[in-house]
Number of protein chains: 2
Amino acid sequence: MSFNDLISGALTTTGQVRNEPVQARSSERIGALLDAASAVVAEVGIERLTTAMVAERAGASIGTVYRYFPDRIAVLSAMSLRGFERFLRKSVDNLEAASPSTIDGVFDCLIDASVEMHRTEPGYTSIRLSDQIALPEVEGGTTSARVAGPLAAILTDELGVVDDDLVNRLDIALTIADALIVRAFISAPRGDEAAIAATRAVVGSYLGSSVHA
Amino acid sequence: MSFNDLISGALTTTGQVRNEPVQARSSERIGALLDAASAVVAEVGIERLTTAMVAERAGASIGTVYRYFPDRIAVLSAMSLRGFERFLRKSVDNLEAASPSTIDGVFDCLIDASVEMHRTEPGYTSIRLSDQIALPEVEGGTTSARVAGPLAAILTDELGVVDDDLVNRLDIALTIADALIVRAFISAPRGDEAAIAATRAVVGSYLGSSVHA
DNA sequence: CTGTCGATGATCGAGTTCCGTTCGGTGACG
DNA sequence: CGTCACCGAACGGAACTCGATCATCGACAG
């Protein structure tokens, strides 16, 4: 049990490509298609993304898009999933680099990872917002719920946190963090620094008052 | 200045019907169309709502839908706006009935109103989630931002709250409340009672630690 | 080791279907 | 009888399909 288990624990969904690619170039194609989709979302928004735009920007044909994704929404879902994976990867990297000894420290790593995602990944903020409902195909419950379980195990194991309702409290803390970070990126494209700082403060305060090590 | 000013303060947008109805039956039609849209959203989600579904369920023809709304997204925007209006109305009713003397009391009224909206209005949860991004046409910034301003004025005026950063803190509190209530309705269709109670506690705790009367 | 060959994966894009939107005609109100 | 409300066939464009074509790779002979 280590920080790295966060990834395997939170990633239960397999992915929603139509046919698993066999040749190497396919994986690149899928990546290129998702990059294109991400850029298109950042430009025109989720609602106005067309499969033709994605294909053209990726230098592929319409048919290729539909070879890998069953429909338009699946492209968005896959974008969402890849973003989630990257967020987890960044989180684990941060955790292993910082080796935090408090829950606040752990959340700082997660918040940093999330902020970086919003900064580097075009369209991530849009996707994050529509996640649950506009994309009901994304299975496995809320993002926060998927992270809360494995995170609780890690906290108990690594930091010796004892709390009979830890999963629930983590879920709440993650939901709050997510909402406030998105808020920071709605009010400013590069993320409102004061709002990000406020996120850390609020989450820290919540965890401090309810979770004890 | 009274609780009732919350409505006029937060509702700056005028509405997006194409032609203001002249005859009485028109208003009923619009209501019926929005009811139908709400039901469709609850059933198939925002992405898969088609104008034909809305028309059929409202017992109207396609043409009638387009007589009142310029396009598909406008139907969703109008749904969102009507929901927001109803939320404000309920909030003011609750506030006038309870005459709260603390900020916590005020937020209890707002939370009650929000919970009731999620319970009674099919599709409200979906619309609430996609608010900002999937419907960029909804002007005036975040819901929380639109409420925070007028609410701050009321709190200062009615309860004598003094806080130089009140608007910002209210925005945060409203964002948290919104996210946690939506969370409660994602995990259970009728709203998870424990999660709703947790929402009250978290928001109360945040306001208590940061806003002083 | 190299070149050929067949099988299967990958790509393409014209064609089909479905959905958003328009518009001219018909009925209802006042 | 003029205006308002309503309808639904028709249009355009976007989602999605499918058979044809090209690329890759292992097998096998020379």
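A, B, ... follow the sequence lines: proteins, then strands. Residue 1 opens every chain.
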Once you round it to whole Å, what is the distance between [atom2] of [N] and [atom1] of [X]?
X: B:E28; N: D:dA5; atom1: CD; atom2: P; result: 12 Å
X: B:E47; N: D:dA15; atom1: CD; atom2: P; result: 10 Å
X: A:E56; N: C:dG13; atom1: CD; atom2: P; result: 12 Å
X: B:R67; N: D:dT3; atom1: CZ; atom2: P; result: 14 Å
X: A:L49; N: D:dA15; atom1: CG; atom2: C1'; result: 12 Å

Backbone N/O of A:D165 and side chain of A:N168: donor-acceptor pair under 3.5 Å: no
Check for a donor-acceptor pair, side chain of B:S38 on one end and backbone N or O of B:L34 on the other, with a separation under 3.5 Å. no
Atom pairs under 3.5 Å, N or O on each side, protein against nucleotides 16-19 of chain D: can you list them with distances?
unit_1: D:dC16; atom_1: OP2; unit_2: A:Y66; atom_2: OH; d: 3.1
unit_1: D:dC16; atom_1: OP2; unit_2: A:R72; atom_2: N; d: 2.7
unit_1: D:dT17; atom_1: OP2; unit_2: A:R18; atom_2: NH2; d: 3.4

Within residues 57-66 of chain B or reaching into it, pairs that qualify as salt bridge (Lys or Arg N to Asp or Glu O under 4.0 Å) - sequence neighbours excluded: B:E43-B:R57
With sequence neighbours left out, which residue pairs that include part of residues 170-182 of chain A fulfil the salt bridge (Lys or Arg N to Asp or Glu O under 4.0 Å) condition? A:R128-A:D178, A:D171-B:R183
Phosphate contact (C:dA28 OP1 or OP2) by B:R29 side-chain N/O below 4.0 Å: no
If the cut-off is 4.0 Å, is B:T64 near the phosphate of D:dC6, judged by side-chain N/O to OP1 or OP2? no
Measuring only between side-chain heavy atoms, which start at C-beta, is B:Y68 closer than 4.5 Å to B:V75? no
Is there any ring pair (Phe, Tyr, Trp, His ring centres under 6.0 Å) pair reaching into residues 176-199 of chain B, and which pairs are they, with sequence neighbours excluded? B:H118-B:F185
For A:E56, look at atom CD and say whether over 12 heavy atoms of other residues, nucleotides or ligands are found less than 6.0 Å away. no
A:R89, CZ: over 12 other non-hydrogen atoms inside 6.0 angstrom: no
Tell me, please, which residues at least two apart from B:F84 pass ring-ring contact (aromatic ring centres under 6.0 Å, His included). none
Distances under 3.5 Å only, N/O to N/O: pair up the protein atoms with those of nucleotides 24-26 of chain C.
none

Measure from the side-chain heavy atoms of B:T50 and tell me the nearest of C:dG20, C:dC12, D:dG8. C:dG20
